[in-house]
Each structure stands twice: as C-alpha cells, then as structure tokens.
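Starting from 1, each residue takes its place in the sequence as its number. Treat the numbers as computed from the prediction; the structure is a model and nothing was measured.
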Amino acid sequence: MQDLSKFNNSWYKPGSVLKRSLWYITNILFFKSGLFPVSSVKCNMLRFFNATVGTGVIIKPNVNIKYPWFLVIRNNVWIGEGVWIDNLAQVTIHNNVCISQGAFLLTGNHNYSKISFDLFVKPIILEDGVWIGARSIVCPGVIAHNSSILQAGSVAVADLEEQGIYAGNPAVKIKLRQIKTF
C-alpha cells in the first residue's frame, strides 16, 4: 500500500513562487475565463511568461495552462474550449495542430509501484498536422507524430505513428489517415 506521508517532490522546481503566483492570477482572469475571447492578447500574455508562441494561434475560452514557460506553440494552432495543458514538463505543439474541446495534455503522473507515490514528469510533443480529439487525453512522454489523430474520448499512453488514426482507452491504431490535397 502507498504511504502518502512519504511523498516528497522537493526535487521539482517549476519556477519561483512569485512567477507561479502571477501566472496563476493571469491564467484565472484571462485564460480559464469564458469572458475573454481575444487570442492575440492571450498569445502576448503567454510570451510575457516566456512561452514560445508562433503566428495564427487561436486560443478559445476556458483554457487552463499550468506553466507557460514550459510551452512551445508553433504556427496555425487551434486550442479549443476547456483544453487543459497540465505542463509540469515541456509541451511542444508544432504547426497546424488542432487540440479540440476538453482535451487534456498531462505531463505528470505518479509512480504507483513506489510506497511514496513519487511524482514523475515527461514531455509531450505534438508534431505537424496532429489532431487531438475532443475530451481525449495525452499522457506523459507521448509523441504524436506528423498528421496523426487521437479520436474523441481516447487516451494516448504511447506514441502515435505518423498518419495513424487512434481510438480507445488505451488508444490503438485503427487505420491510416488519408489527406486529400484538392
């Protein structure tokens, strides 16, 4: 059985208390709010907190971002309503990626095989043309390779192959994506 009194994540240092506090307030007021729909202002706020943000980025209301200084967003990215980017580690979102409503990107978890229930963190990478479906979950350490799709409500616990379409919990490849250029 685990003993949570033995839990110790003192090794994890995501930033100063002041920096995290300022971001916490900004996140609540401008990102998690349904009252602030202006993506360009949100992108500038992320840049102020040391995120890398490209052009053509759309961030819908009610998005929760843990630490923008662990976030890279390239060009032409859509982040839907209610997305949670729980980036205790680096999250890299390449070009032309769509993250649909209510999706979770989770970079941290706990080691259930240790009595102390230790925290571990691993980065997530979403390569060019990836589509993360509504209410789906991307787990720590996953790389979604070019043009892969994680269907709505699915859970990615391992890498997604290029142009693979994945569904289920855990997600399995069901077919290849065919992209028409006309």
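- Residue V63 is grouped with residue I93 when hydrophobic side chains (ILVMFWY) are merged at heavy-atom distances under 4.5 angstrom, including chains of intermediate members.
- Summarising the geometry of P61 relative to G34, their closest heavy-atom pair is CB-CA, 3.8 Å, with the distance given to 0.1 Å.
- Rounding to the nearest 0.5 Å gives a distance of 5.0 Å between NE2 of H110 and CZ of F117.
- Although no hydrogens or angles enter the test, the distance criterion places no donor-acceptor pair under 3.5 Å between the side chain of R20 and the main chain of P14.
- Considering only heavy atoms from C-beta on, D3 stays 4.5 Å or farther from K114 through its side chain.
- Taken together through direct or relayed side-chain contacts under 4.5 Å among Ile, Leu, Val, Met, Phe, Trp and Tyr, Y24 and L71 form parts of separate hydrophobic clusters.
- Contact between A103 and G133 at its shortest, heavy atoms only, is CB-O, 3.9 Å.
- Taking the side chain as every heavy atom from C-beta outward, L46 and I59 approach each other to under 4.5 Å.
- In this structure a side-chain-to-backbone donor-acceptor pair under 3.5 Å is missing from K32 to L29.
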Handout entry: Test side chain to side chain donor-acceptor pair (under 3.5 Å) applied to N96 and N75, step by step
Key = CA-CA 6 Å; N96 302 300; N75 301 317; over 6 Å; no
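- In this structure, the separation between SG on C139 and CG on N109 is 7.0 Å, given to the nearest 0.5 Å.
- When all heavy atoms of V130 and I132 are compared, the pair lying nearest together is CG1-CD1, 3.6 Å.
- If you take CD on E161 and OG on S148, they are separated by 9.5 Å, rounding to the nearest 0.5 Å.
- K122 has its side chain within reach of F120: a pair of non-hydrogen atoms, C-beta onward, lies under 4.5 Å apart.
- In summary, the side chains of N9 and D118 do not present any donor paired with an acceptor at a separation below 3.5 Å, with no hydrogens or angles considered.
- Across V142, N87, V91, a single residue satisfies side chain to side chain contact (heavy atoms under 4.5 Å, CB included) together with L105, and that is V91.
- Residues M45 and F30 meet the side-chain proximity criterion, which asks for heavy atoms closer than 4.5 Å.
- For the atom pair CD (Q163) and NZ (K175), the distance works out to 13.0 Å, reported to the nearest 0.5 Å.
- Under the 3.5 Å distance criterion, the side-chain polar atoms of R135 are left unmatched by any main-chain donor or acceptor of S154.
- Under the 3.5 Å distance criterion, the side-chain polar atoms of N169 are left unmatched by any main-chain donor or acceptor of V155.
- Taking each heavy atom of G54 and R47 in turn, the nearest pair found is O-NH2, 3.0 Å.
- Looking at S147, its side chain never comes within 3.5 Å of a backbone N or O of E162 through a donor-acceptor pair.
- Looking at heavy atoms from C-beta onward, L150 lies in side-chain contact with V138 at the 4.5 angstrom threshold.
- Once rounded to the nearest 0.5 Å, the distance linking CD1 of I99 with CD of E81 reads 13.0 Å.
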Exercise for the section: Please step through ring-ring contact (aromatic ring centres under 6.0 Å, His included) for the pair W69 and F48, ending with a clear verdict. Expected result: CA-CA 9 Å; W69 44 93; F48 179 80; over 10 Å; no
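- Within the 3.5 Å criterion, the main-chain N or O of D128 finds a donor-acceptor partner in the side chain of N146.
- Closest non-hydrogen pair, L88 versus Y67, comes out as CD2-CE1, 3.8 Å.
- Checking side-chain atoms of T107 against main-chain N and O of D86 turns up a donor-acceptor pair under 3.5 Å.
- A donor-acceptor contact under 3.5 angstrom links the side chains of E127 and H145, judged on distance only.
- A chain of hydrophobic side-chain contacts below 4.5 Å, direct or via other Ile, Leu, Val, Met, Phe, Trp or Tyr residues, connects V41 to W23.
- Counting only distance, with no hydrogens or angles, the side chain of K42 and the backbone of K60 share a donor-acceptor pair below 3.5 Å.
- Atom CD1 in I65 sits 6.5 Å away from atom CG in N27 (nearest 0.5 Å).
- When side chains are defined from C-beta on, I79 counts as touching I73, because their heavy atoms get closer than 4.5 Å.
- At a threshold of 4.5 Å between side-chain heavy atoms, the hydrophobic network of Ile, Leu, Val, Met, Phe, Trp and Tyr places L106 and F70 in two separate groups.
- V97 and I125 are members of different hydrophobic clusters when ILVMFWY side chains are connected at heavy-atom separations under 4.5 Å.
- Across every non-hydrogen atom of I174 and Q151, the tightest pair is CD1-NE2, 3.7 Å.
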